[in-house]
Amino acid sequence: MKPPTIHSSQASSGRLRPIEGKHNALVKELRRAFAHNDLTPDGYCAIEGIRIVEEAIRSSLKFGAVFFNHAAETVAERLLPQIGSRVDTLLLPDKLFADAVPSESPQGVAALVRCKEFSLADLLGRAQNGPLLAVAGVQDPGNLGTILRSAEAFGAAGAILGAGTVSPYNSKVIRASAGSLFRLPTVRTKLPEAIVEMRKQGLRLIATSSHKGTSLPEARLAGPLAIFIGSEGAGLPRDLMAQMDELVAIPHSPNVESLNAGVAASIVLYEAARQKP
């Protein structure tokens, strides 16, 4: 006798484990990860939204668990065939889901994923492939997300995030990066210590400045390079600024006091990519 045909919708719904209570361990872990805007003790970060989950799949990240609300069961039908069969997939009541995620208008899908881990040595080993980006004290999640997205777009070798910089696993950073965080090698470390290692590798160190320095079109941005981006308000700390080989100024109207960190980084990264042999 011929076995019955199982449609994809039936297969997908069969994978979804209904959860009713907020005390489920995975739901609590998702809520905590979003609340702390950082990695869980097991090294997972929380993501939400259809596009971001699709980017995590495209980036071959390891999934710890995937969460859907009842309104997103059709989304589950599309996504679940792309997610490993051993991954926990949970179906939550709409209110329970909304309470667990930070978005005011949730799209009904969230996940715990493990991002790829890198060391400072890993990034320095890639410095021949493109500039390294060193971020000092950028606290606005949208700015950091923009920086990471532009870094990937313009061929940066990786991003080094110093003290005082917002966590790259903040949900707003992840959303603004449009998935670039999943692919761009990124490490958090102390920048003074990183500079010592950069010098050993022969990297030139440059920083952006609002009012002084070499005009960007005249700056030499080819070769092993580290581009330092300071905070939105104070800029690069003086102790780091003193160690730069060159300051670079982006020409702009005098009516504008300065550019924000995300825009400045994007412009310099574009020019570095343009100068690349």
Side-chain angles (χ1 to χ4, degrees), residues 38-39 43 45 59 114-140 143-170 173 177 180-209 213-214 216 219-232 234-249 261-262 264-273 275-277:
D38 214 324
L39 297 178
C45 73
S59 305
R114 187 183 293 277
C115 291
K116 298 165 186 175
E117 295 182 12
F118 297 90
S119 67
L120 178 60
D122 292 331
L123 269 66
L124 292 173
R126 296 169 49 90
Q128 299 296 328
N129 301 332
L132 291 177
L133 206 59
V135 183
V138 171
Q139 297 179 344
D140 181 82
N143 268 340
L144 182 59
T146 296
I147 289 169
L148 297 176
R149 187 175 186 180
S150 294
E152 183 187 25
F154 297 124
I160 302 169
L161 310 183
T165 298
V166 62
S167 167
Y169 308 110
N170 180 298
V173 173
S177 82
S180 289
L181 172 67
F182 303 150
R183 296 177 293 272
L184 182 75
T186 303
V187 65
R188 291 186 281 187
T189 190
K190 296 178 180 178
L191 290 181
E193 296 175 5
I195 287 175
V196 173
E197 299 304 317
M198 290 175 183
R199 292 293 187 197
K200 292 178 182 178
Q201 298 293 326
L203 272 65
R204 289 180 59 244
L205 312 183
I206 72 162
T208 57
S209 173
T214 305
L216 181 61
R220 181 171 63 87
L221 302 180
L225 181 73
I227 301 168
F228 282 71
I229 302 294
S231 68
E232 296 86 349
L236 199 66
R238 289 185 179 181
D239 60 324
L240 297 181
M241 190 73 82
Q243 299 186 62
M244 297 296 106
D245 295 312
E246 187 173 12
L247 298 183
V248 172
S266 300
I267 292 172
V268 176
L269 284 164
Y270 169 77
E271 179 62 19
Q275 292 186 20
K276 190 172 182 179

Pair Asp38 + Arg188: basic N to acidic O under 4.0 Å: yes
side-chain hydrogen bond (donor to acceptor under 3.5 Å, both in side chains): pairs with one or both residues in residues 125-140, sequence neighbours excluded: none
Closest non-hydrogen atom pair between Ser59 and Lys116, with its separation: O-NZ, 3.1 Å
Spatial distance of atom CZ (Arg183) from atom SG (Cys115) [nearest 0.5 Å]: 11.0 Å
Considering all heavy atoms, the nearest Gly155-Pro131 contact: O-CD, 4.0 Å
Within 6.0 Å of CZ in Arg199, more than 12 heavy atoms from elsewhere: yes
Non-neighbouring partners of Phe118 that pass ring pair (Phe, Tyr, Trp, His ring centres under 6.0 Å), sequence neighbours left out: none
Gln201 side chain to Glu197 side chain, donor-acceptor N/O pair below 3.5 angstrom: no
Between OG on residue Ser150 and OH on residue Tyr270, distance to nearest 0.5 Å: 12.5 Å
Test side-chain contact (heavy atoms from CB on, under 4.5 Å) applied to Leu221 and Leu216, step by step: CA-CA 9 Å; Leu221 302 180; Leu216 181 61; 3.9 Å; yes
Interatomic distance, Thr186 atom OG1 to Leu123 atom CG [nearest 0.5 angstrom]: 7.0 Å
Arg114 CZ to Phe182 CZ distance, which is reported to the nearest 0.5 Å: 14.0 Å
Heavy-atom closest contact (Gln275 atom, Ala219 atom, distance): NE2-O, 2.9 Å
Interatomic distance, Leu191 atom CG to Leu120 atom CG [nearest 0.5 angstrom]: 9.5 Å
Minimum heavy-atom distance Thr189-Ala194, with the two atoms named: CG2-CB, 4.2 Å
Asn170 CG to Ser177 OG distance, which is reported to the nearest 0.5 Å: 10.5 Å
Heavy-atom side-chain proximity of Val173 to Ser167 below 4.5 angstrom: no
Leu132 and its side chain to side chain contact (heavy atoms under 4.5 Å, CB included) partner, picked from Ile227, Leu225, Leu124: Leu124
Which atom of Thr146 lies closest to which atom of Ser266, heavy atoms considered: CG2-OG, 3.9 Å
Worked check of side-chain hydrogen bond (donor to acceptor under 3.5 Å, both in side chains) between Asp122 and Ser119: CA-CA 5 Å; Asp122 292 331; Ser119 67; 3.1 Å; yes
Evaluation steps, side-chain contact (heavy atoms from CB on, under 4.5 Å), between Ile206 and Met244: CA-CA 5 Å; Ile206 72 162; Met244 297 296 106; 5.7 Å; no
Show me, pair by pair, the donor-acceptor contacts under 3.5 angstrom made by side chains of residues 156-165, not counting sequence neighbours?
residue	atom	partner	partner atom	Å
Thr165	OG1	Val135	O	3.3
Thr165	OG1	Gly137	N	2.9
Thr165	OG1	Gly162	O	3.1

Closest heavy-atom pair and its distance - Gly262, Asn143: N-OD1, 3.3 Å
